[in-house]
Amino acid sequence: MAVESEHQYGTEEFSQVELALAARNHGFPLETLRYDITPLGLHYLLIHFDIPHVDVTGWKLDIGGHVSRPVSLSLDEIKERPRTSIAVTLECAGNGRSRYSPRPISQPWIEEAIGHAEWTGTPLAPLLEEAGVEDGAVEVLFTGLDRGLQGEVEHAYERSLPLDEARRPELLLAYEVNGQTLPPQHGFPLRLIVPGWYGMTHVKWLDSISVLTEPFEGFQQLQQYWTKTSDDDPGEPVTRMFPRSMMIPPGIPDFPERRRYVEAGPCELEGRAWSGWAPVTRVEVSVDGGETWEDAALDEPVGDYGWRRWSHAWDPEAGEHELVSRATDGAGNSQPDEVAWNTGGYVNNAPQRVFVTVR
Ligand SMILES: Nc1nc2c(c(=O)[nH]1)N[C@H]1C(S)=C(S)[C@@H](COP(=O)(O)O)O[C@H]1N2
Ligand SMILES: [Mo]
């Protein structure tokens, strides 16, 4: 495909730039799908600029803009507020990017930009209420402490949410993950958690929150995270996670190709599935590369925003097999065989394929 674009595209070979990004921002080893809660360190990471070094003694969160009572809170003051925890599946909007052709030059995820952690913090909605959002407010902007250049524009990492989304009761200002203080890479001392939305919304290293009377037009809001088919296409903003099912690759891998080897005889296939639009209601499994499908058994979901475990009995004979799974959610979204290409390489939820040699 010939593309005229402000974006850069890779062809067959991966570049030094992509290698450097992949080495900084690691994915989730797929065998980690076995844990209900992703152990810290195995959760994926995506950091655009540098991890800010925050001295918490001087740190405060400012909530201002179009409000009647601006507030400024220390971490201790935030921790004295009501405390809740929620298990959330997080996925980068660029998950699957390197499977597009041509491939936009950015973090070259294959399909491993996922994690499922338990985040603890204080709900955002009551804080907005206390600050007194004034009439005429339309969005809430979340600004991080990290700065850099992207598209030759210097900016702090910041993104906004429509006011009604920002007021949803499940949004959290999180200061702990999996029962521990937020580590630097996940946003110490405070990050936003927006259950159901793709990763870019969950602003880390929060510095300020500002209520706006006009839609935010910053770089990470307008120049990134739209599914455009060309630079002239306005496209759609990337918001909630589309359904995805991931399988724990069965058997043992070879190194370095990671092809799978399984012994003939009964084996259980298992994985996890999620969607940000509505809970997952169905997972189907194919053991013949997508020719025929069977329903997997579903465990109870982990809350409204966690993932759902599935399992499926398989009794393979010796030979070559291609395993596929796909999820459908309660809003009727399911995983298409192929996802429409877009300039930023977003939302590629085409099904994972696992190639297995049964011996
Ligand atoms: N301040 C800030 N917040 C950020 C980012 C960033 O670069 N800076 N990256 C975003 C993106 S694109 C993703 S996918 C998630 C990743 O969160 P994690 O590293 O905790 O998994 O953080 C989001 N929040
Ligand atoms: Mo991301």
Side-chain angles (χ1 to χ4, degrees), residues 1 3 5-30 32 38 40-53 89-115 117 144-159 177 182-188 191-192 197-205 218-228 231 238 241-242 244 246 255-258 339 341-350 352:
M1 193 190 312
V3 190
S5 178
E6 68 207 13
H7 290 76
Q8 284 177 278
Y9 296 97
T11 48
E12 293 291 292
E13 290 183 0
F14 285 81
S15 64
Q16 284 291 331
V17 169
E18 290 168 299
L19 173 60
L21 285 174
R24 272 185 70 80
N25 296 302
H26 66 74
F28 163 112
L30 296 188
T32 309
T38 307
L40 273 186
L42 295 178
H43 194 285
Y44 86 98
L45 271 189
L46 197 293
I47 297 154
H48 285 77
F49 305 134
D50 289 350
I51 298 173
H53 180 254
T89 310
L90 212 68
E91 176 175 15
C92 179
N95 202 14
R97 173 178 290 125
S98 67
R99 298 242 151 111
Y100 281 122
S101 177
R103 177 180 81 244
I105 298 285
S106 183
Q107 173 69 24
W109 297 122
I110 308 167
E111 55 193 357
E112 63 294 295
I114 48 183
L145 288 162
D146 49 332
R147 275 191 93 70
L149 283 87
Q150 199 177 338
E152 294 174 10
V153 182
E154 185 178 330
H155 59 280
Y157 186 93
E158 50 184 353
R159 296 225 359 136
V177 55
L182 271 192
Q185 67 273 26
H186 287 300
F188 179 83
R191 84 175 301 174
L192 178 65
W197 285 54
Y198 278 113
M200 74 288 171
T201 324
H202 305 235
V203 179
K204 303 194 265 191
W205 312 293
F219 188 86
Q220 301 294 339
Q221 197 78 27
L222 281 198
Q223 265 70 49
Q224 299 288 298
Y225 305 110
W226 287 70
T227 53
K228 303 170 176 222
D231 289 343
V238 175
M241 297 179 292
F242 289 104
R244 190 190 290 278
M246 295 290 293
F255 182 90
E257 309 250 322
R258 304 205 58 78
V339 177
W341 185 90
N342 60 82
T343 59
Y346 302 122
V347 303
N348 190 352
N349 67 334
Q352 168 202 24

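Here the structure is a predicted model, which is why all the values come from computation and not from measurement.
- Taking CD of Gln8 as the reference point, atom OG of Ser15 lies at 8.0 Å (rounded to 0.5 Å).
- Leu182 CG to Leu40 CG: the interatomic distance, rounded to the nearest 0.5 Å, is 9.0 Å.
- Note that the CZ atom of Arg191 and the NE2 atom of His202 stand 7.0 Å from one another [nearest 0.5 Å].
- The residues Glu111 and Arg244 are annotated as not salt-bridged, no charged nitrogen and carboxylate oxygen being separated by less than 4.0 angstrom.
- When every heavy atom of Val339 is checked against every heavy atom of Tyr100, the shortest pair comes out as CG1-OH, 3.4 Å.
- Without hydrogens or angle criteria, Arg159 side chain to Gln220 main chain gives a donor-acceptor distance under 3.5 Å.
- Tyr346 is linked by a side-chain hydrogen bond (donor to acceptor under 3.5 Å, both in side chains) to Gln224, counting only residues two or more places apart in sequence or in another chain.
- Counting heavy atoms from C-beta outward, Glu158 and Val203 have side chains that stay 4.5 Å or more apart.
- Contact of the Val177 side chain with the His43 side chain is not registered, since no non-hydrogen atoms from C-beta on lie closer than 4.5 Å.
- At distances below 3.5 Å, at least one donor-acceptor pair connects side-chain atoms of Asn95 with backbone N or O atoms of Glu112.
- Heavy-atom minimum distance, Arg24 versus Ile47: NH2-CG2, 3.9 Å.
- Between Gln107 and Leu46, the closest side-chain pair of non-hydrogen atoms falls below 4.5 Å.
- The main-chain N or O of Pro184 is found under 3.5 Å from a side-chain atom of Trp205 such that the two form a donor-acceptor pair.
- Under the 4.5 Å side-chain criterion, counting only non-hydrogen atoms from C-beta, Ile110 is in contact with Arg99.
- One finds the CD atom of Gln150 at 9.5 Å from the CD atom of Gln223 (value rounded to the nearest 0.5 Å).
- The side-chain hydrogen bond (donor to acceptor under 3.5 Å, both in side chains) test applied to Asp146 returns no partner, not counting sequence neighbours.
- Taking the side chain as every heavy atom from C-beta outward, Arg97 and Ser106 approach each other to under 4.5 Å.
- At a threshold of 4.5 Å between non-hydrogen side-chain atoms, the residues Trp226 and Asn342 do not count as touching.
- At least one side-chain heavy atom of Phe49 sits less than 4.5 Å from a side-chain heavy atom of His155.
- Classified by interplanar angle (parallel below 30°, tilted 30° to 60°, perpendicular above 60°), the ring pair Tyr157/His48 is tilted.
- Using a 30° and 60° split on the angle between ring planes, Tyr9 and Trp341 fall in the tilted class, from 30° to 60°.
- The CD atom of Glu91 sits 8.5 Å away from the CE atom of Met246 when rounded to the nearest 0.5 Å.
- No more than 12 heavy atoms of other residues, nucleotides or ligands lie within 6.0 Å of CD in Gln16, so this atom counts as exposed by the packing criterion.
- The two residues Ile114 and Phe28 come nearest to each other via the heavy atoms O-CD1, 2.9 Å.
- Put simply, CG on Leu90 and OG1 on Thr38 are 9.5 Å apart, with the number rounded to the nearest 0.5 Å.
- Of all the heavy atoms in Tyr225 and Met200, the pair that sits closest is CZ-CB, 3.3 Å.
- Judged by distance alone, the side chain of Lys204 and the main-chain N or O of Gly144 form no donor-acceptor pair under 3.5 Å.
- For Pro104 against Gly345, the heavy-atom pair with the smallest separation is CG-N, 3.5 Å.
- Checked against side-chain hydrogen bond (donor to acceptor under 3.5 Å, both in side chains), Tyr198 has no partners two or more places apart in sequence or in another chain.
- In terms of heavy-atom proximity, Val347 sits nearest to Val238 at CG1-CG1, 3.9 Å.
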